[in-house]
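Structure record follows, encoded as structure tokens.
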Amino acid sequence: MTELTLVQAVNRGLFEAMKKDPDVILLGEDIGVNGGVFRATEGLHKEFGAERVIDTPLSETGIIGAAIGMALYGLKPVPEIQFQDFIYPAFDQIVSELAKYRYRSGGQYPCHVVIRSPYGGGVKGGLYHSQSAEAYFAHTAGLKVVIPSSPADAKGLLLSSIHDEDPVLFFEPKRIYRSVTGEVPDGDHRVPLGQAATVREGTDVSILAYGAMIPVAALAAEKLQEQNISVEIIDLRTLVPLDEKAVLASVEKTGRPIILHEAPRFCGYGAELAAILAEKALYSLKSPVLRVTGYDTPFPYALEHLYLPSPERVIAAVHTSMKSG
Amino acid sequence: MTELTLVQAVNRGLFEAMKKDPDVILLGEDIGVNGGVFRATEGLHKEFGAERVIDTPLSETGIIGAAIGMALYGLKPVPEIQFQDFIYPAFDQIVSELAKYRYRSGGQYPCHVVIRSPYGGGVKGGLYHSQSAEAYFAHTAGLKVVIPSSPADAKGLLLSSIHDEDPVLFFEPKRIYRSVTGEVPDGDHRVPLGQAATVREGTDVSILAYGAMIPVAALAAEKLQEQNISVEIIDLRTLVPLDEKAVLASVEKTGRPIILHEAPRFCGYGAELAAILAEKALYSLKSPVLRVTGYDTPFPYALEHLYLPSPERVIAAVHTSMKSG
Amino acid sequence: MATAVRDARPKVENPPGGLTPDELLRAYRTMVICRALDERCLTLQRQGRIGFYAPMQGQEAAQVGCTWALQSEDWLFPAYRELGVALVRGVPIPLILDQFIGNQGDELKGRQMPNHYGYRRFRFVTASSPVGTQITQAVGTAMAAQYRKEPIVTVTFFGDGTTSSNDFHAGLNFAGVFSAPTIFFCQNNQWAISLPRERQTRSETLAVKAKAYGVWGVVVDGMDVHAVYRAVREARQRAVEGQGPTLIEAQVYRFGPHSTSDDPKRYRSESDLALWKERDPIARTKHELIAAGRLTEAQDLQLWETARQQITQAVDKAEKTPALDPRTMFDDVFASLPPQLQRDRDELASFLPPEAKP
Amino acid sequence: MATAVRDARPKVENPPGGLTPDELLRAYRTMVICRALDERCLTLQRQGRIGFYAPMQGQEAAQVGCTWALQSEDWLFPAYRELGVALVRGVPIPLILDQFIGNQGDELKGRQMPNHYGYRRFRFVTASSPVGTQITQAVGTAMAAQYRKEPIVTVTFFGDGTTSSNDFHAGLNFAGVFSAPTIFFCQNNQWAISLPRERQTRSETLAVKAKAYGVWGVVVDGMDVHAVYRAVREARQRAVEGQGPTLIEAQVYRFGPHSTSDDPKRYRSESDLALWKERDPIARTKHELIAAGRLTEAQDLQLWETARQQITQAVDKAEKTPALDPRTMFDDVFASLPPQLQRDRDELASFLPPEAKP
Ligand SMILES: Cc1ncc(C[n+]2csc(CCOP(=O)(O)OP(=O)(O)O)c2C)c(N)n1
Ligand SMILES: Cc1ncc(C[n+]2csc(CCOP(=O)(O)OP(=O)(O)O)c2C)c(N)n1
Ligand SMILES: [Mg+2]
Ligand SMILES: [Mg+2]
């Protein structure tokens with residue numbers, strides 16, 4: 001065990017995977033000599049060389065297209081998109097190609113690429129260094145979507161993603177890259193994909209969240225505890241495939257779901273959670289399904305502290321929920 | 001009034017807008033001399049010339065980027081994306097630029113572009129000529145999303161879109177481009193954005209649908225009528241901004257919602273409808289919120305008839321709903 | 001004759017030998033099968049027996065000449081019009097027809113429109129429709145082979161219109177920077193559906209775009225199987241020697257419609273077509289073989305006859321092959337079936353007629 | 001000295017006159033303000049008084065020379081580093097500082113990071129972060145002006161790294177095909193964050209990429225304000241005369257970090273920087289003015305002093321300007337507020353401290 005920040009845990013995960021398997025190759029902008037703009041690949045260029053930690057030209061289309069070609073060949077590329085906001089030039093390669101290769105070829109061409117990218121707000125990044133775009137990918141059949149919220153999960157989920165057989169979008173909550181630290185198992189630590197974690201047990205309300213919203217949920221839960229409201233927090237960890245069982249079990253227990261994410265609400269990932277509850281847990285619901293999310297605006301700069309879901313907004317939603325039914 | 005097919009109504013709408021306003025300009029692949037691969041722009045090149053019906057090189061990035069530049073200048077460009085499946089190379093321009101121009105400039109640069117594109121399956125187009133990508137755009141703050149289901153609406157909503165002030169994604173159900181005909185008002189016929197239509201009144205079940213699913217819902221409703229089940233069909237017409245009132249009113253009346261679309265279910269547009277119901281109509285629900293949608297796979301070729309929601313699948317969902325609660 | 005240019009230094013090469021007479025005869029046979037199959041597919045589509053077809057008549061010499069110059073270990077990244085490439089690579093005709101029909105014999109499991117096939121064992125990657133996406137992928141595979149020190153090349157096929165795509169730009173640029181052993185084989189058939197080459201880009205040639213990436217650029221007469229063969233062989237040699245990638249522009253003409261959904265009369269003149277048809281690669285190659293005494297008219301007729309019979313048999317077989325099991329719709333989305341897709345699969349099964357249930 | 005090339009025909013031009021001595025002095029004054037403001041912003045960021053800054057030192061001559069050659073009707077499409085362009089165009093310094101702080105005076109309503117400003121009345125389009133997206137837009141605006149027969153040009157600014165973007169490719173290609181009156185002004189500052197120019201693309205120059213689109217290509221010494229001015233004037237002339245677009249590569253060097261989040265010591269040597277600093281455009285222009293007897297050292301000191309005072313005043317004012325009303329967050333998503341956003345707005349208002357309520 002080593003005490004690490006979240007971004008250090010990502011770094012250790014990459015190191016571990018590369019050490020074990022020469023087929024693991026990194027590519028992206030500024031990831032080599034510079035060690036990544038968030039230092040997620042720090043030291044790897046020196047350790048593994050320019051052949052395996054490839055500084056690419058400024059083209060996300062090229063990065064993902066090339067990564068797909070490498071994967072077809074049999075390597076395990078782990079491209080980095082510098083900010084999730086800049087993934088859109090690669091959208092065609094991801095949605096039309098990466099997601100569909102195995103399917104369209106009748107299983108002949110699996111295409112195992114793990115795309116790493118920091119996402120989310122809270123770093124004063126404005127419209128283009130703050131987005132949470134997970135819903136686009138979650139809606140795209142053929143992609144797995146993973147978002148860790150702790151250093152141990154970051155390393156464990158990343159290693160599982162790299163050892164998976166399917167394409168994975170691995171989104172890292174940059175807001176808590178350094179603010180969250182924790183004990184991380186050394187070596188080839190794996191956290192299985194598709195399993196949510198109950199990060200806090202409770203009986204009154206279920207908060208369903210992921211990524212940088214987990215600490216926000218935790219803060220809210222602490223305060224609510226003082227008011228004798230017992231909050232359960234489910235950290236989804238893998239958005240696709242979703243651990244539906246864990247979600248339903250918690251909501252069947254509490255009857256009061258609060259969905260929490262920082263992406264805009266309309267057609268966001270939380271809509272799917274709500275839809276699943278409205279279909280499969282309807283008779284357990286004691287209150288309407290509430291969503292606390294980013295607002296349906298582009299991500300603002302000066303007012304980001306008011307845009308992002310805060311513990312206060314979560315608490316207000318919990319109060320609303322407790323008063324219902 | 002003239003009897004037209006849906007694609008002819010689109011053509012008449014474009015003609016009307018161009019005749020009235022020299023600022024309306026079309027651009028896209030094969031839309032000029034060739035009249036569009038679906039003939040939506042037939043005759044317009046001859047009528048209005050190559051300056052206003054611009055055949056572009058094969059680049060959706062270029063088409064939408066150029067259209068945005070034209071809109072900034074003050075023209076009203078109406079670009080065509082040949083198939084919605086090919087919109088992804090323009091995703092960055094749409095999501096990062098078109099959706100955010102007005103916002104990021106503090107209102108200085110409105111950016112009114114109407115992107116037309118045929119969407120959906122049922123034409124044996126396989127993975128890349130069949131997709132329904134509306135959820136990506138509905139999730140993107142700053143874009144309006146419109147989908148007509150009848151010739152009169154196609155013309156009326158298109159003209160309203162062109163006369164709107166915001167960017168509009170106008171998706172045309174190509175499966176019913178020619179199979180659906182109807183009376184279309186001549187001249188500058190407008191159907192306001194943001195208003196759903198009750199295309200069939202009923203009391204037992206509400207089907208919430210749009211585009212090419214409206215005829216499917218209608219067929220199901222006919223059959224269900226024979227079984228004395230009274231189906232109401234709400235045609236959303238505008239997905240963003242959603243006519244929430246109409247949706248809630250219908251579901252509050254019937255208590256049994258069925259959401260119907262051909263896009264994959266997971267994080268599809270229907271999830272948002274379900275989420276809204278789970279928040280705002282929970283106490284009116286007599287049955288779980290059911291979704292009948294495309295499956296969570298890429299769009300298949302040989303089996304598309306089984307992939308697309310059929311009247312049978314809708315009827316089965318209605319029966320499930322009727323048995324609940 | 002090939003003109004190879006690198007950066008700003010144009011260089012004209014004298015043609016060394018092209019195909020040997022024996023090879024030429026074999027290549028011609030493949031071109032004949034290609035043409036015959038293409039014609040048949042157009043008929044099958046018109047009769048409603050297949051759903052779609054994108055013909056490649058006029059491009060036989062380019063495709064056959066190119067693929068002839070490669071090794072079977074080389075990876076091919078086709079677009080949707082590469083019938084000649086598939087045939088030279090050895091993809092059996094029945095397999096192609098199974099794909100066109102989307103039956104149980106289709107190794108792609110009926111997932112794709114006709115023309116969009118691909119077979120891992122032939123290192124012939126499954127095509128997709130969005131133009132250009134294969135280009136960056138081919139570069140990535142070349143980089144991977146380079147990393148593994150396998151002395152092969154990747155070859156990506158695309159049209160004149162596709163030079164405008166994002167992936168063309170990114171792919172050529174990456175290939176230049178990383179000296180990826182990739183051959184960019186552009187079949188300039190003068191049209192991108194209705195858009196003529198001159199309206200696609202204002203560059204003098206398509207090959208000159210190589211300068212933008214510091215890679216080799218070659219223009220070649222795509223109606224001349226020797227010239228294409230030579231240009232590709234040279235490009236391959238350069239690539240495996242670490243001299244970097246080549247963009248080859250093979251100038252051809254699309255004799256037929258863009259696809260069975262297209263009506264070229266709407267946008268192009270018959271007279272242009274007629275001019276290009278005088279350079280029909282099949283007639284030209286036949287002429288050469290006859291002049292060289294390697295083929296008689298009677299033997300030629302026999303070639304066509306054999307090809308057509310072979311095709312008829314394959315069509316018969318493909319049409320008799322049973323339809324796909326609908327449950328296969330849910331395979332291959334992921335490596336294994338997640339619970340959610342299992343539910344979808346069960347739901348679908350419940351709607352199938354009894355005889356389709358297992 | 002500018003080298004203009006079109007297609008394959010390179011052409012060397014002899015420099016006609018650059019800026020007049022009077023103009024040069026005024027241009028120099030702007031360059032001084034530019035440098036002084038840039039230095040101040042770096043300090044403000046270090047002190048936590050603004051959140052981010054991307055400096056442009058080393059690029060003053062390129063930006064000032066370019067913009068000097070334009071008409072005020074011409075539309076500008078900047079990236080995030082175009083301070084010199086904004087100043088020549090007349091954007092007041094206080095307005096820029098309001099944007100950096102995101103206060104009530106910010107005409108962008110605090111929506112964007114510092115550097116990403118834009119002002120419709122100056123025909124200076126609001127910048128965004130994704131690189132290159134402004135390029136195709138500039139072409140579209142040029143096509144629109146052409147359609148309306150307004151004899152203007154659009155000028156789009158971007159860096160060496162951005163030549164790899166999708167929009168560079170699409171924009172240049174559209175401009176070539178449609179003869180759009182656009183000037184593509186590429187400031188090759190040798191770095192895209194940590195990636196050096198040679199690893200960005202293997203082309204000989206960036207300007208040679210013009211050949212791929214059949215447009216004019218020019219390399220110019222971006223440290224020489226005259227040379228830049230001349231090249232842009234010529235390009236403008238060609239564009240409005242219908243001779244089509246020009247890609248200008250202004251060779252400069254980024255003296256500072258990529259942004260305040262960047263540490264260039266991780267990836268580049270001080271010696272390279274030192275070499276380029278010898279060509280500092282400000283020292284060079286000052287030297288010329290002094291040699292020509294248009295400026296004394298004392299006057300120069302005065303220029304700097306005035307600039308710094310002006311900036312201090314603007315900073316003071318900006319820091320005293322009240323913060324934005326949080327409710328503005330919901331404006332400008334659409335032309336009018338839809339009910340759903342009205343609800344969001346009300347929700348937010350309920351969380352605001354009482355004093356912030358209206
Ligand atoms: C990204 C994208 N946009 C549009 C299309 C529709 N489309 C299919 S083929 C084609 C023209 C391609 O022309 P070219 O590259 O010259 O190839 P050719 O068909 O002539 O072989 C177009 C526009 C597409 N397949 N992909
Ligand atoms: C599409 C996209 N990808 C990545 C980035 C992150 N990024 C910001 S600036 C930059 C380098 C730009 O280099 P260049 O074009 O040379 O301009 P310069 O910063 O040197 O002025 C990168 C990679 C971005 N802004 N947009
Ligand atoms: Mg072509
Ligand atoms: Mg640069």
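Chain letters run A, B, ... following the sequence lines, proteins first, then strands; residues in each count from 1.
Side-chain contact between C:V333 and B:P298 is present, with heavy atoms from C-beta onward closer than 4.5 Å. C:D344 is listed as a side-chain neighbour of B:R265, based on a closest heavy-atom distance under 4.5 Å. The shortest distance between side-chain heavy atoms of C:S129 and B:F83 does not fall below 4.5 Å. Within the 4.5 Å cutoff, no side-chain heavy atoms of C:S194 are placed close to those of B:V33. With contacts defined as side-chain heavy-atom distances shorter than 4.5 Å, the pair C:I193/B:E29 does not qualify.
Nearest heavy-atom pair across C:S164 and B:P57 is OG-CB, 3.8 Å. Considering all non-hydrogen atoms of both residues, C:P326 and B:L303 come closest at O-CD1, 3.7 Å. B:Y301 and C:G51 get closest at one heavy-atom pair: OH-CA, 3.6 Å.
Remark: C:R111 does not engage B:E304 in a salt bridge, criterion side-chain N to carboxylate O under 4.0 Å.
Per-residue counts of heavy-atom pairs under 4.5 Å with chain B were compared for C:A323, C:P130, C:G161; the largest is that of C:P130. When the candidates B:F299, B:Y88, B:F86 are compared by the number of heavy-atom contacts under 4.5 Å with chain C, B:F86 comes out ahead. Contact count versus chain B (heavy atoms, under 4.5 Å) is highest, among C:T201, C:L348, C:T328, C:D332, for C:L348.
Interface remark: B:T61 contributes side-chain atoms only to the contact with chain C (heavy atom separation under 4.5 Å). C:S128 touches chain B through backbone and side chain together, each having a heavy atom under 4.5 Å away. For chain C, the nearby part of B:T56 is the backbone; its heavy atoms alone come within less than 4.5 Å.
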Please test C:L195 against B:L58 for side chain to side chain contact (heavy atoms under 4.5 Å, CB included), starting from the C-alpha separation and ending with a verdict. CA-CA 9 Å; C:L195 200 74; B:L58 208 179; over 6 Å; no
For the pair C:F351 and B:R313, evaluate side chain to side chain contact (heavy atoms under 4.5 Å, CB included) and give the outcome as yes or no after the intermediate values. CA-CA 8 Å; C:F351 287 102; B:R313 279 173 62 198; 3.4 Å; yes
Residues C:E347, B:Y295; criterion side-chain hydrogen bond (donor to acceptor under 3.5 Å, both in side chains); working and verdict: CA-CA 10 Å; C:E347 192 210 278; B:Y295 294 115; 3.1 Å; yes
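Atom NZ of B:K124 has more than 12 heavy atoms from other residues, nucleotides or ligands within 6.0 Å.
Note: B:H129 and C:H116 have perpendicular aromatic rings, judged against thresholds of 30 and 60 degrees for the angle between ring planes.
The CZ atom of C:F330 lies 9.5 Å from the CG atom of B:D296; values are rounded to the nearest 0.5 Å.
Formation of a donor-acceptor pair under 3.5 Å by the C:R266 side chain with backbone atoms of B:G35 is not found in this model.
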